[in-house]
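Following: one structure in structure tokens, then a few remarks.
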Amino acid sequence: MKNNTSIYAWTMLISLIVVVTVTFIICLAEVSKTVSYLLFAVDIVAAIVFTVCPVRITRASAR
């Protein structure tokens, strides 16, 4: 069970890095509208993963 917690923690860390990186790219880079929409989609998915991981960690620790 600690192994699952470790996986969720790593997933959370990687999704946080993706959110921060993509947000900086969206804000600072001059990209086309299509690329911008693609980056928004990636940012949303990574933010959802980042939000869900603490719940998964809590449930894995409670077992």
Under the 4.5 Å side-chain heavy-atom rule for ILVMFWY, direct or indirect, which residues accompany Ile48?
-> Ile44, Val52
Counting only pairs under 3.5 Å, give me each side-chain donor-acceptor contact of residues 9-17, with atom names and distances, residues two or more places apart or in other chains.
unit_1: Thr11; atom_1: OG1; unit_2: Ile7; atom_2: O; d: 2.8
unit_1: Ser15; atom_1: OG; unit_2: Thr11; atom_2: O; d: 3.1
unit_1: Ser15; atom_1: OG; unit_2: Met12; atom_2: O; d: 2.9

State yes or no: do Phe50 and Tyr8 share one hydrophobic cluster built from I, L, V, M, F, W and Y residues joined by side-chain heavy-atom distances below 4.5 Å, directly or via other members?
-> yes
Using distance only, find each side-chain donor-acceptor pair of residues 25-36 under 3.5 Å and give its atom names and separation, not counting sequence neighbours.
unit_1: Ser32; atom_1: OG; unit_2: Val35; atom_2: N; d: 3.4

Val20, Val22: one ILVMFWY side-chain cluster at the under-4.5 Å cut-off?
-> no
Single-linkage hydrophobic cluster, 4.5 Å side-chain cutoff, Val18 and Leu39 together | yes
Check each of Val45, Val42, Asp43 against Val19 using the side chain to side chain contact (heavy atoms under 4.5 Å, CB included) test, and report the only one that passes.
-> Asp43
